[in-house]
Participant: 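Got a structure for you, questions after.
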Amino acid sequence: MLSPRQAIGNIPSYHPPLAGREGLRLDFNENTDTCSPRVLERLRSLRPEELTRYPEREPLEAAVAEFMKVSAREVLLTNGVDEAIHLLCQVYLDRGDEAIIVVPTYSMYAIYARATGSEVIRVRADQDFRFPMAQLRRSITPRTRLIAIANPNNPTGSVVAVDELLEIARLAPQAAVLIDEAYFEFYGKTILERRREARNVFVARTFSKAYGMAGLRLGVLVGDADQMWAVRRACSPYNVNAVALACLPDALADQEYVQAYVSEVLAGRARLERALQAGAVQHWPSEANFLLLRVGPAKEDAVAFVEQMRRRGILVRDRSADEGCAGCVRISLGRREHVTRLLYALGDVFEELGIAQGVSLL
Ligand SMILES: Cc1ncc(COP(=O)(O)O)c(C=O)c1O
């Protein structure tokens, strides 16, 4: 009888609640509104031959390289950051190797690493989700072949200084060190300019968040040219679809749109923070387009909260299953009017569930 490889059977199942996401979607850290109007215009102007041809990635890699001020040999366009993670696991991890992640974090690191048959070392974040530098240093062994760090991290919104990231990369020269900057546009700080200080550093970016193009699946992986040939070899030549590639120049050209959206998100995040402070609801500082808060001590509290929000037409994400996140919910920020809707609903739900009473959240 046919059976999958053992490593695949060992992957814990992961079912993001993707079905029937009706309402205001603040559950996946997507852009809550739209992508740039220039991208929409380009979509409307697509010609049939742009679809009949196989996609040509390279000219667009040159454009992205210029935008990011890196060389084209250092850049690979990917089917979202997810594919970049998948490729790094394929290229660097063998059965018996170790991949280190700092938890709680983005689920796909562990999933793709486990699929290779390697061992995933989960280093717990320090108090208040601070970066566990000392513990991470101690976790590096000669078998460490991948270290994946989201900066800012999901679901906590916490960050780590570039100096610390470089120190980790130097301590593990035999490992690929992925710095996942999916939320870069909301944070503004990057390791990119200093990537050459450690040749094993890879940087990932995405068009799924600030750019509002999650459905097109477009990510960027930057790494040392002496490594990227290997990543390219493991990658399909047609991994990024022609529609995404066609839209890319307009997406990059409209930085005004990205900046305006980011400013609105940051203002919304500050509003939500003020509201949570007023209600004495525990939450953690975030450098991304979302905020993690605790609505009670247990998973049931988070489940009840998510359900009450859903009844008011707003989707938020229960993160109770993540390490140290019992009773926690992650809420994405977006356009001003969406944050206003969120705050109205939050006030109601806090009152109803007795989380915070009589506070004006607006
Ligand atoms: C840290 C992090 N990396 C990567 C991704 C996925 O990005 P993409 O849509 O480019 O695959 C997410 C999405 O939530 C994320 O939070």
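This one's a predicted model, so the numbers in the text were calculated from it and none came from an experiment. Counting convention: from 1, in listed order, for ligands and their atoms alike.
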Participant: For Tyr54, which fellow cluster members are found when Ile, Leu, Val, Met, Phe, Trp and Tyr are connected by side-chain heavy-atom distances below 4.5 angstrom, either directly or through intermediates?
Facilitator: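 Noted: Tyr54 shares its cluster with Tyr238.
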Participant: For Ala246, what residues pass the side-chain contact (heavy atoms from CB on, under 4.5 Å) criterion, not counting sequence neighbours?
Facilitator: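 Ala246 satisfies side-chain contact (heavy atoms from CB on, under 4.5 Å) with Arg42, Leu46, Glu50 only.
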Participant: Could you tell me which residues satisfy side-chain contact (heavy atoms from CB on, under 4.5 Å) with Asp163, sequence neighbours excluded, listed by chain and number?
Facilitator: Arg194
Participant: Check each protein residue for a heavy atom under 4.0 Å from ligand 1 and list those that pass, ordered by chain and number.
Facilitator: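 Residues Gly80, Val81, Asp82, Tyr106, Tyr109, Ala150, Asn154, Asp180, Ala182, Tyr183, Thr206, Ser208, Lys209, Arg217 each place a heavy atom under 4.0 Å from ligand 1, listed by chain and number.
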Participant: Any chance the side chains of Arg274 and Gln277 put a donor and an acceptor closer than 3.5 Å?
Facilitator: no
Participant: Can a donor-acceptor pair be found, under 3.5 Å and without considering hydrogens, that links the side chain of Arg137 to the backbone of Ile168?
Facilitator: no
Participant: Between His86 and Tyr112, what is the ring plane arrangement, given parallel below 30°, perpendicular above 60°, and tilted in between?
Facilitator: parallel
